[in-house]
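Everything numeric here is computed off the predicted structure, so don't read it as measured data. So that the names make sense, note that chain A is the first sequence line, chain B the second, and so on, each numbered from 1.
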There are 2 protein chains.
Amino acid sequence: MSDLERNEKELSFGRRLARLGAAWRRQVDRDLHEYGLTEATWRPVLYLGLLPPPVRQTDLVRALEIEAPSVARLLDVLERRDLVFRSPDSEDKRSKLVSLTEKGERTARQVRHAVEAVSNRLLQGISTPELQACYSVFERIEANLCQRASAPAGEQA
Amino acid sequence: MSDLERNEKELSFGRRLARLGAAWRRQVDRDLHEYGLTEATWRPVLYLGLLPPPVRQTDLVRALEIEAPSVARLLDVLERRDLVFRSPDSEDKRSKLVSLTEKGERTARQVRHAVEAVSNRLLQGISTPELQACYSVFERIEANLCQRASAPAGEQA
DNA sequence: CGCAAATGGTTTGCATGCTTAATAACTGTA
DNA sequence: TACAGTTATTAAGCATGCAAACCATTTGCG
């Protein structure tokens, strides 16, 4: 039955996802390296350019989907590089508002260009229906992720 | 035109890939945590159970698609845990052969089960043609990855 | 009001990836 | 044989993610 036949592909699907995702990111990184942005530092800058202000660190945590300590450290680096600055939030003394400096604004535009260029290049020749088919599968997988493993599911379904 | 309409989705495709890949891996990690395997340490064990011996470290580097220093460090950990051992290669005094201990063999089977269970669960309800549509897109993206960025491609095509 | 719980941020320590550089051994060519 | 280049492994240091523990502040409830 299909299960055995599909096993090889199934086994590699998660692997494939991770590999492609990493390769994709590496492309962006490569393009942004010349702007002095290393690894993940461009993501906070990108999102700071997209989110409606005021942006608290927690907003970045949610947008970047990384944990608060990681965001804090990235912002330390970016602040030292004069790309962002933190200011107190008059509404809530616990929180800090994060903004792009002028240099940061410029960088954010470059990041956006680079990200779009990579996306255009990598998705070249792929039709919208094909993309949507992928999204459909992704959504189903995400749905399956939420069902706690308590239901071992299609063990031989 | 399609470009603007697709922009939102295109922008997020790489993001989506990375996120799904990470989530997938986290599922496996969670299931293997109870076996004392943390993070990425289960992958060398899995592949050692799959590759035809003898397995040199270089073979693992190629299979795991991570760099040689990373493999070396992981093997240090696994060796300390008595899951693998290194022995000299009589064919080539530079290289070392890596093997699973008996405990490692047992662990490899558990890892394989966990990986398959997660795969079955996450791909539940997704048909083979849908999977193949995804693979087709992945392959096209991989092909586009290889074309060096020299051709900026669909900048406004 | 006053205290417990939740929330925002930081610090610390660990896991895992990479790159660069060193060392040892092999290979090919003159 | 000898020497240059390649290959296998390791070592050292950096980047980035996480979780746990901590402080300050805010919120909610008696």
Side-chain angles (χ1 to χ4, degrees), chain A residues 15 18-19 21-30 32-33 36-47 54-81 84-98, chain B residues 15 18-19 21-30 32-33 36-47 54-81 84-98:
Chain A
R15 177 109 199 74
R19 224 184 38 182
W24 189 298
R25 177 178 165 155
R26 224 173 300 131
Q27 290 291 310
V28 180
D29 284 348
R30 195 168 54 81
L32 285 171
H33 198 279
L37 288 173
T38 61
E39 294 283 342
T41 47
W42 56 265
R43 292 192 60 230
V45 174
L46 175 65
Y47 280 86
V55 179
R56 296 167 308 154
Q57 291 193 197
T58 304
D59 300 326
L60 277 178
V61 165
R62 274 189 271 276
L64 298 170
E65 292 176 277
I66 60 180
E67 297 302 312
S70 307
V71 169
R73 189 173 35 187
L74 287 176
L75 290 180
D76 288 345
V77 172
L78 294 173
E79 209 166 24
R80 233 175 293 132
R81 290 224 205 159
V84 311
F85 63 96
R86 290 184 253 215
S87 42
D89 180 356
S90 52
E91 308 274 309
D92 184 336
K93 283 179 201 154
R94 291 169 305 178
S95 79
K96 299 176 185 173
L97 302 182
V98 187
Chain B
R15 177 108 199 74
R19 224 182 40 181
W24 188 298
R25 178 176 165 155
R26 223 173 300 131
Q27 289 292 308
V28 180
D29 284 349
R30 196 168 54 81
L32 284 171
H33 197 280
L37 287 173
T38 61
E39 295 281 344
T41 47
W42 57 264
R43 291 191 60 228
V45 174
L46 175 65
Y47 280 87
V55 179
R56 296 167 308 153
Q57 293 193 193
T58 304
D59 300 326
L60 277 178
V61 165
R62 273 189 272 277
L64 298 171
E65 292 175 276
I66 59 180
E67 297 302 312
S70 306
V71 169
R73 187 172 40 184
L74 287 176
L75 291 179
D76 289 343
V77 172
L78 294 172
E79 209 166 24
R80 233 175 293 133
R81 290 223 205 161
V84 312
F85 63 95
R86 291 184 251 216
S87 41
D89 179 356
S90 53
E91 308 275 307
D92 184 338
K93 283 178 203 155
R94 292 169 305 176
S95 80
K96 299 176 185 173
L97 303 181
V98 186

Give R86(B) one of three labels, base, sugar-phosphate or nothing, depending on what nucleic acid heavy atoms sit under 4.0 Å from its own.
sugar-phosphate
Atom pair distance, as rounded to whole Å: CD in Q57(A) and C1' in dA24(D)
14 Å
Sorted by chain and residue number, the side-chain contact (heavy atoms from CB on, under 4.5 Å) partners of D89(A) (sequence neighbours excluded) come out as R56(A), E91(A), D92(A), S95(A), L97(A)
Taking Q57(B) for its side chain and V71(B) for its backbone only, find out whether a donor-acceptor pair lies under 3.5 Å.
no
Rounded distance (Å) that lies between atom P of dA8(D) and atom CG of L75(B):
15 Å
Mind listing the side-chain donor-acceptor pairs of residues 60-67 of chain B below 3.5 Å, one per line with the distance, residues two or more places apart or on another chain?
| from | atom 1 | to | atom 2 | distance (Å) |
| --- | --- | --- | --- | --- |
| E65(B) | OE1 | R15(A) | NH2 | 2.9 |
| E65(B) | OE1 | R19(A) | NH1 | 3.3 |
| E65(B) | OE2 | R19(A) | NH1 | 3.2 |

Figure out the CZ/P separation between R80(A) and dT10(C), and round it to whole Å.
12 Å
When the rotation axes relating C1' atoms of four end pairs to the next four are compared across the helix from dC1(C)-dG30(D) to dA30(C)-dT1(D), five pairs an end, they differ to 10° by 10°
Let me know the distance between CG of L64(B) and C1' of dT16(C), rounded to the nearest Å.
13 Å
Counting primed atoms, P, OP1 and OP2 as sugar-phosphate and everything else as base, the B/S/- map of nucleotides 17-27 of chain C against protein heavy atoms under 4.0 Å is BBBB---BBS-
Can you name the closest pair of heavy atoms from T38(A) and T41(A) and give their distance?
O-OG1, 2.6 Å
Just jot down the side-chain contact (heavy atoms from CB on, under 4.5 Å) partners of R25(A), sequence neighbours excluded, or say none.
D29(A), E39(A), A40(A)
